[in-house]
Amino acid sequence: MVPFPTQSHLNQLLQLSHLIASYGLQVHYAGSTVHNRQVKLRDQNSERESQVTRAKFLKVKFHDFKLGPYSMPSPDPNAPANAPSHLQPLRLATVGLREPIFGLLKELAAKYRRIIVIHDTLMSCVVQDVRSIPNAEVYTFHVTSAFALFYGRWESMAEKPFQIEGVPTRVPCNEGYNTTSDFKDFIVSQIRLSLELASGSINNSSRLIECKFIELYQKLPVNSKIRHFALGPFNPIEKTVGVAEEYKNRHRCLQWLDQQEIQSVIYVSFGTLTSMTDDQIAELAIGLEKSGQKFIWALLVADKGDIFVKDDAGDQKRRPKLPDNYEERVKNRGLVVTEWAPQLDILAHPSTGGFVSHCGWSSCVESISMGVAIAAWPITSDQPKNAVLLTEVLGVGVLVRDWEQRSKVVDSSTVENAVRKLMQTEEGEEIRKRAAQLGRDVRASCAKGGSSRLEFDSFVSHITR
């Protein structure tokens with residue numbers, strides 16, 4: 001496994017590592033020392049994983065490599081581009097992993113009949129030397145949905161190879177993402193290189209969720225020589241019900257949820273790479289307050305390149321600013337947390353009934369597999385496309401605001417209306433019912449004999465043939 005060193009990318013490949021290791025295969029997880037530490041720590045912070053983490057990690061061997069020095073600017077919520085440009089130095093530093101990872105691959109290739117390299121698309125340049133290893137086979141891991149993958153490729157094609165029918169016709173284009181030009185060039189170069197390297201590709205989805213778009217993606221001429229595997233959901237899918245007595249030091253979010261009615265709480269989180277302006281935070285806060293809805297809000301500062309580095313006196317970590325006396329005003333029905341929160345446990349909790357999300361694909365899959373409907377508020381990258389999939393195709397979410405209005409602050413009334421629509425109306429109730437049913441279907445598909453389990457079995461049979 002060669003992950004890109006941001007949380008969602010790291011975590012999805014770690015979850016995939018655990019699943020592959022469960023088949024008795026030795027898995028090697030290769031990354032920087034600091035980011036391996038980060039993904040292990042946050043995995044251990046999950047209540048649902050705490051009891052089995054030690055045993056699982058024994059089946060995954062971590063290889064820690066040192067990154068060269070790189071700058072770590074703080075995230076800028078006022079930056080013109082929505083993309084996390086403050087992580088650009090980290091992206092450049094990952095090139096330094098090319099030599100040590102190639103050394104590891106040569107060492108493993110000498111011991112095994114075949115080695116399977118699963119690399120994040122954005123790490124294609126790091127694993128490119130694998131072409132000189134005859135008994136190595138390469139699979140590209142795409143961190144997004146098949147829906148976004150297909151439409152991203154489709155949009156870039158000057159001549160369309162076939163017609164598509166029965167799918168959304170109004171899908172946000174790539175130009176709306178405000179990504180920096182350097183990062184766009186980097187992504188394009190990594191995708192091209194991955195097509196040269198890979199004999200297959202993988203994404204964290206399932207045919208139950210995205211069958212049509214997986215088939216459309218496979219049908220593209222550029223994919224004609226490779227196999228695509230939808231192996232998700234990667235995250236654990238067993239639900240925890242009620243308070244588990246064996247859990248020690250239960251997170252305060254879960255303790256608070258234990259006291260709430262079933263499906264009465266909406267969870268609010270925008271992932272680890274989003275930084276909101278003070279104005280936007282204030283509008284969101286007021287909207288949640290005015291909605292009258294119970295909520296948990298994970299109000300986090302976006303990750304820096306190294307989450308363990310303490311800020312110097314001259315570079316104080318920016319703290320989100322809430323309206324005066326806000327937490328006191330909402331204390332009986334709202335909980336604001338500014339530390340890392342166990343998202344999967346929150347989504348799995350019976351008291352959680354909805355999720356205000358940026359629609360990062362990892363969050364989408366976790367929410368879908370737990371049967372929780374989404375109030376979609378995309379910020380950048382593949383998120384606008386994922387929002388369309390959730391709201392228009394699957395019918396398990398509502399839009400907070402139209403993507404065309406992305407440059408404007410989302411006012412408190414818009415937030416209030418979206419939360420009320422999802423949690424307090426008949427239309428919202430039908431959406432939440434569909435989400436709950438899809439969650440049950442997805443979990444069933446992961447059981448022995450289910451469609452998702454069979455696809456994973458097929459993948460393991462293929463790589464061990």
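Counting heavy atoms from C-beta on, the side chains of Glu327 and Leu322 come closer than 4.5 Å. The shortest side-chain heavy-atom distance between Lys290 and Ser413 falls under the 4.5 Å cut-off. Leu19 is not listed as a side-chain neighbour of Leu231, based on a closest heavy-atom distance of 4.5 Å or more. In this structure, Ser205 and Val365 have side chains that are not in contact, with every pair of non-hydrogen atoms separated by 4.5 Å or more. By the 4.5 Å heavy-atom criterion applied to side chains, Phe459 and Ile20 are counted as neighbours. Annotation: side chain of Phe213 is not in contact with side chain of Leu149 (no heavy-atom distance under 4.5 Å). Inter-residue side-chain proximity for Leu335 and Val265 is flagged as unmet; no heavy-atom pair is nearer than 4.5 Å. Counting only heavy atoms from C-beta outward, the side chains of Val27 and Lys61 never approach each other to under 4.5 Å.
Here Gln15 contributes atom CD and Ser362 contributes atom OG; the two are 6.0 Å apart, rounded to the nearest 0.5 Å. Separating the CG atom in Leu284 from the CG atom in Asp279 is a distance of 12.5 Å, to the nearest 0.5 Å. In this structure, CD1 in Ile209 is found 8.5 Å from CG in Leu389, a value given to the nearest 0.5 Å.
Under the side chain to side chain donor-acceptor pair (under 3.5 Å) criterion, Glu404 pairs with no residue, sequence neighbours left out. Contacts of Ser32 classified as side chain to side chain donor-acceptor pair (under 3.5 Å), with partners at least two apart in sequence or in another chain: His35. For Ser145, the side chain to side chain donor-acceptor pair (under 3.5 Å) criterion is met by Asn386, not counting sequence neighbours. Remark: Leu399 pairs with Ala376, Ala387, Thr391 by the side-chain contact (heavy atoms from CB on, under 4.5 Å) rule, at least two apart or across chains. With sequence neighbours excluded, the residues forming a side-chain contact (heavy atoms from CB on, under 4.5 Å) with Thr272 are Gln7, Arg42, Asp303, Trp340, listed by chain and number. Residues forming a salt bridge (charged side-chain N to carboxylate O under 4.0 Å, His left out) with Lys408 (at least two apart in sequence, or on another chain): none. A search for side-chain contact (heavy atoms from CB on, under 4.5 Å) contacts involving Ser199 returns Glu137, Tyr139, not counting sequence neighbours. With sequence neighbours excluded, no residue satisfies ring pair (Phe, Tyr, Trp, His ring centres under 6.0 Å) with His358. Considering only residues two or more places apart in sequence or on other chains, Ser363 meets the side chain to side chain donor-acceptor pair (under 3.5 Å) condition with Gln343. Taking Glu339 as the reference, Arg252 meet the salt bridge (charged side-chain N to carboxylate O under 4.0 Å, His left out) condition, with sequence neighbours excluded. Applying the side-chain contact (heavy atoms from CB on, under 4.5 Å) test to Ser71 and every residue at least two apart in sequence or in another chain returns Pro73, Pro89.
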- Task: Start with the C-alpha distance between Ile368 and Leu394, add both sets of side-chain angles, then the distance that settles side-chain contact (heavy atoms from CB on, under 4.5 Å), and finish with yes or no.
- Result: CA-CA 10 Å; Ile368 289 170; Leu394 300 176; 4.1 Å; yes

- Item | Test log, rule side-chain contact (heavy atoms from CB on, under 4.5 Å), inputs Leu97 and Leu67 | CA-CA 7 Å; Leu97 295 175; Leu67 285 176; 3.7 Å; yes

- Go through Val143 and Gln12 one step at a time and tell me if the side-chain contact (heavy atoms from CB on, under 4.5 Å) criterion holds. CA-CA 8 Å; Val143 76; Gln12 289 188 72; 3.1 Å; yes

- Query: How far apart are the C-alpha atoms of Phe229 and Phe456, what are their side-chain angles, what is the distance that settles it, and do they pass the ring-ring contact (aromatic ring centres under 6.0 Å, His included) test?
  - Reply: CA-CA 8 Å; Phe229 295 91; Phe456 212 108; 9.4 Å; no

- Run the numbers on Asp120 and His142 for side-chain hydrogen bond (donor to acceptor under 3.5 Å, both in side chains), then give the verdict. CA-CA 6 Å; Asp120 195 295; His142 302 288; over 6 Å; no

- Query: Would Glu366 and Asn11 count as a side-chain contact (heavy atoms from CB on, under 4.5 Å) if you check the C-alpha gap in whole Å, the side-chain angles of each, and the deciding distance to 0.1 Å?
  - Reply: CA-CA 12 Å; Glu366 290 181 356; Asn11 188 48; 4.3 Å; yes

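Under the 6.0 Å cut-off for aromatic ring centres, Tyr29 and Phe62 qualify, their centroids lying closer than that. Proximity of the aromatic rings of Tyr151 and Phe147 is defined here by a centroid distance below 6.0 angstrom, and this criterion is met.
Using modelled atom types and a 3.5 Å distance limit, the side chains of Gln26 and Lys59 yield no donor-acceptor pair. Checking His119 against Thr140 by side-chain atom types alone, a donor-acceptor pair falls below 3.5 Å. In this model, a donor atom of one side chain and an acceptor atom of the other lie less than 3.5 Å apart for Thr144 and Asp382. For the residue pair Asn235 and Ser369, a side-chain donor N or O sits within less than 3.5 Å of a side-chain acceptor on the partner. Side-chain contact, Asn203 with His228: a donor N or O sits under 3.5 Å from an acceptor N or O. A donor-acceptor contact closer than 3.5 angstrom is absent between the side chains of Glu416 and Ser412.
When atom types are taken as modelled, the side chain of Thr121 and the backbone of Ile191 share no donor-acceptor pair closer than 3.5 angstrom. Between the side chain of Ser124 and the backbone N or O of Gln190 there is at least one donor-acceptor pair closer than 3.5 Å. When atom types are taken as modelled, the side chain of Glu210 and the backbone of Ala146 share a donor-acceptor pair closer than 3.5 angstrom. Judged purely by atom type and a 3.5 angstrom limit, Arg401 has no side-chain atom pairing as donor or acceptor with the backbone of Thr414. Arg406 places a side-chain N or O within 3.5 Å of a backbone atom of Trp403 that can act as its donor or acceptor partner. Judged by distance alone, with hydrogens and angles left aside, the side-chain atoms of Trp297 form no donor-acceptor pair with the main-chain N or O of Ser269 at under 3.5 Å. Under the 3.5 Å distance criterion, the side-chain polar atoms of Gln293 are left unmatched by any main-chain donor or acceptor of Val419. Using modelled atom types, one side-chain atom of Thr274 and one backbone atom of Phe270 make a donor-acceptor pair closer than 3.5 Å. Counting only distance, with no hydrogens or angles, the side chain of Asp64 and the backbone of Val34 share no donor-acceptor pair below 3.5 Å.
Both the sub-6.0 Å distance and the 45° axial angle are not jointly satisfied by Arg153 relative to the ring of Tyr217. The cationic group of Arg91 lies under 6.0 Å from the six-membered ring centre of Phe186 and within 45° of the ring axis, placing it in a cation-pi geometry.
Of the listed residues (Phe355, Phe295, Trp256), just one forms a ring pair (Phe, Tyr, Trp, His ring centres under 6.0 Å) with Tyr267, and that residue is Phe355. The one candidate from Arg329, Arg333, Lys331 that meets the salt bridge (charged side-chain N to carboxylate O under 4.0 Å, His left out) condition with Glu289 is Arg329.
For Arg420, the CZ atom is densely surrounded, since the number of other residues' heavy atoms within 6.0 Å is greater than 12. When the shell of 6.0 Å around CG of Asp402 is examined, it contains more than 12 heavy atoms from other residues, nucleotides or ligands.
Residues in residues 94-105 take part in these salt bridge (charged side-chain N to carboxylate O under 4.0 Å, His left out) pairs, two or more places apart or across chains: Arg98-Asp129.
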